Amino acid sequence: MVKLCVVPFTVVILVASCFAQASKQSAAVWIPATYRALTMGKSTDRDALHVLGQPLFTGREPDTGAPIMTFAVSDPLPGQLITYLPLPKALRRVLL
């Protein structure tokens, strides 16, 4: 009978320790994502051109109309990198 009381108490302690760990991790300082020398929210279209070179495509995203530039890249994987640059032309999103 004593063992039945110990097991639920142990489970409660484990669950409580998991929540304590999660709250410690959420206290970490957030930093914007970077790709090469480009920083989300800070880099501009000129920065993207300087770092990535001549774009394959410059125009607007078909569904949203957001300004985009597409570049050929080989790092970390070969493919096309799409940069979203809404006004005021700060880099907002990058897709590979």
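When reading the values below, keep in mind they use all heavy atoms of this one structure, side chains included, and skip hydrogens, waters and symmetry mates. Fair warning: this is a prediction, and the values are worked out from it, not measured in the lab.
Distance OG1/T83 to CG/L38: 8.5 Å, rounded to 0.5 Å. Once rounded to the nearest 0.5 Å, the distance linking CD1 of I68 with CZ of F57 reads 5.0 Å. With rounding to the nearest 0.5 angstrom, the OG1 atom of T44 is 8.5 Å from the CG atom of L49.
Nearest heavy atom pair, residue L81 against residue Y35, reads CD2-CE2, 3.9 Å. Between D47 and K42, the closest heavy-atom pair is OD2-O, 4.3 Å. Taking all atoms of both residues into account, the shortest heavy-atom contact from A37 to S43 is O-OG, 4.0 Å.
In terms of hydrophobic clustering, with Ile, Leu, Val, Met, Phe, Trp and Tyr side chains grouped at heavy-atom distances under 4.5 Å, V51 and V73 are assigned to a common cluster.
A search for side-chain contact (heavy atoms from CB on, under 4.5 Å) contacts involving S74 returns nothing, not counting sequence neighbours. The side-chain contact (heavy atoms from CB on, under 4.5 Å) check on T58 picks up P55, M69, with sequence neighbours excluded.
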